[in-house]
Amino acid sequence: MQPISILEKNLNALKSKYLKDIISNHNVKAQIEVKNTNGYNLSYNGILFHNETSPFGEAKAIFETLDTSLNSINIIYGLGLGYLFQYTAIHSKGIIILYEPNLDIIKTAFTLVDFSNELIKDNVYITIDKDSLNETLRNNMGYDNTPNVCCLPSYKKIFNEQLTKDQKELSVLVGSITLDCNYTKNKYYPVTTAILKNIPYTANQIPLCNIKDCYKDIPAVVVSAGPTLHENIETLKKYQDNAVILCVGPAYKSLVNAGIKPDFLCVIEDRNCSAQLKGLDISEVNMILEPYTNINFQKMQPKKHFLHISNNLPPNNIWAKIAGVNIDEYNSKGTVSYCALNSARILGCNPIILVGQDLAYIDKQLYSKDSVYSDLKLIFNEQTKQYEVIAEDMERYAASISSIRVALRRLARYKGKITTIKSITGELLPTEAVYTTFAANISKYTKKYPDRHYINTSMKGAQLDGFENIPLDKALEHSKPINKKDFSSLSFNKNDFIISQLKEIKTGLNTAINKINDNQKLLSRFRTEYKRGKSLTKDMLNTLKKVISNYTWLSIDYGQTNPVYDFITKKEQMNFETFLKKAENIDISAALKIAELQTEYLNQALEKTRSTVDIIDNGIAFLEGETK
């Protein structure tokens, strides 16, 4: 039997069959040479990957600049011959992600160096493209561990342009994941309870897919409140009868003031920003809301309410189960413009035309000059040498958004978040990081649904790949008047089914309350035992094990069958599990901290669960009264 080769050992140690096949089948094309200076080295197009004097010392020096604790994440950009990767994989307690997009390099290194002991480690991941890097980061990042990126100095010389581009994209990705983690921690509870509180209003609202393709092959204009909206107002007014108009909340005032009647008004905000519609007539517009949209919008009386149940937001699965509806079609990325775009697709519209979707700050404007948020301006602070966002008339802006407190919080959100984005003419425009992510997302949307013609009419805004750049008058010049649909006779009534689902959820939550009470008694026993001896006894450890076992049942076993409980206690779960990830030994200090965090978790879980049961009871009582 022939001895197994180094390449085979490495390939066998890889956790991913896809990765194994890609590397195995790759043929090296680049000029890569093995050199022996003071240790083996690789030369790539004449440039050495590692320090010529001490490649091992170089790796050790870079490693010593890293956080390598249990909660750390280190992305090593580039493998070279593997000195830095191997040293980090051996000595780091945290997550190590190797990102090597150059298959020539990884195949060469895997042929020459045995990494099998490092590759089999649970904390080591190998990625070769953006998708696998994205997935690995999302599976391992939390709200409290921002990844660090390191690379060999040679990579900055050899791949400088690509490295700079990748680092910028990685920064956006990390920001997006951090935002998602913070949303999970801080918003799941209010969003979940909002879904349940809204039941008296949403129970009879019509899922948008119930009118799927009702405007098949009819043009749609999706109106956002970007700076160029005012430039298109007169054209839109001229052609308003020739297209289905879907408008986001902040742009509605601009359209109404211009005498334009949108067909659909999209609002997804869970906070109360209903002031954006204050004094405006909505009786002739259909509203598209999410199940969690703030109750003040749910209470409004438009022509008809429709529900867009975004499938990217896990709490919406609660509504899907309660109402017995399929939400596969409701693709979204958490922004109202994306919701409006997807709504146009569900309606069957083609082409889909964007107006005011600038995704950039143009002529110092954040929003259209006649929109509800027109007071927001971009300025350049000469002292700090940074862009800042201000409100020209703070009182007016505060009134438009709800209060001074909310206005100040929104303005603070922009601090340090101004970046640039490429315009359709190639120049760089000021924008905020979230818009660069959104631009990438809607470009991906066009690839996912290539059966539509997508048009962007912002001739000054960001370049949106997948969209044809055409002025609005050209996009609609051959359009003809269409028959607008009347949905007044449509209905949706599944009250009996919804009541049965709510009762099932309530029964489950009461089971959780009993388990919480049991755990509180165990913790009380733990504290009593500690007061007696001030030391960690075997009995105390056993009690603590039971506490953690009950917690595991609540947060995992039970949480999977009753997601309402999982979502309303998500913040406390994340706090507790963050500590557990960092704890290496359960000494007396760690045991006391576990008891403290579990006490906080149980107190909050009990309060939130009881409150949620009350909300469900109110929903049941309302629907039962309506049914009678």
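Side chains are part of it too, since the values below use all heavy atoms of this structure and drop only hydrogens, waters and symmetry mates.
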Is a donor on one side and an acceptor on the other found under 3.5 Å between the side chain of [X] and the backbone of [Y]?
X	Y	answer
Asn456	Ser458	yes
Asn316	Asn311	no
Asp270	Val191	no
Lys107	Ile23	yes
Arg345	Tyr449	no
Gln573	Asp566	yes
Ser443	Asp465	yes
Asn12	Lys9	no
Asn10	Phe115	yes
Lys15	Val124	yes

Would you say [Y] and [X] are linked by a side-chain donor-acceptor pair, where the criterion is simply a distance under 3.5 Å?
X	Y	value
Ser423	Thr425	yes
Lys187	Asn182	no
Asp166	Tyr77	yes
Glu135	Tyr125	no
Ser132	Asp129	yes

Measure the shortest side-chain to side-chain distance between [X] and [Y] over non-hydrogen atoms and say whether it is less than 4.5 angstrom.
X	Y	value
Glu427	Lys422	no
Ser43	Phe49	no
Glu231	Leu472	no
Thr88	Leu98	no
Leu112	Tyr40	no

Worksheet entry | Ring centers of Tyr83, Phe56 separated by less than 6.0 Å |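 No; Phe56 has its ring centre 6.0 Å or more from that of Tyr83.
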Worksheet item: Given the side-chain rings of Tyr189 and Phe567, with only the six-membered ring counted for Trp, is the space between their centroids under 6.0 Å?
Response: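 No; Phe567 has its ring centre 6.0 Å or more from that of Tyr189.
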Discussion item. I'd like to know whether NZ of Lys377 has more than 12 heavy-atom contacts from other residues, nucleotides or ligands below 6.0 angstrom.
Written reply: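 Counting neighbours around NZ of Lys377, more than 12 heavy atoms of other residues, nucleotides or ligands fall under 6.0 Å, so yes.
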Worksheet item: When you look at NZ of Lys593, are more than 12 heavy atoms from neighbouring residues, nucleotides or ligands closer to it than 6.0 Å?
Response: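 12 or below, so no.
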Worksheet entry | Step-by-step side chain to side chain donor-acceptor pair (under 3.5 Å) determination, Ser337 to Ser224 | CA-CA 7 Å; Ser337 296; Ser224 299; 3.0 Å; yes
Discussion item. Using the rule side chain to side chain contact (heavy atoms under 4.5 Å, CB included), only one of Ile128, Asp104, Ile106 pairs with His26; which is it?
Written reply: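 When side chain to side chain contact (heavy atoms under 4.5 Å, CB included) is applied between His26 and each of Ile128, Asp104, Ile106, only Asp104 qualifies.
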Discussion item. Between Tyr330 and Glu290, does the side chain to side chain donor-acceptor pair (under 3.5 Å) criterion hold? Intermediate values first, please.
Written reply: CA-CA 10 Å; Tyr330 300 103; Glu290 291 277 352; over 6 Å; no
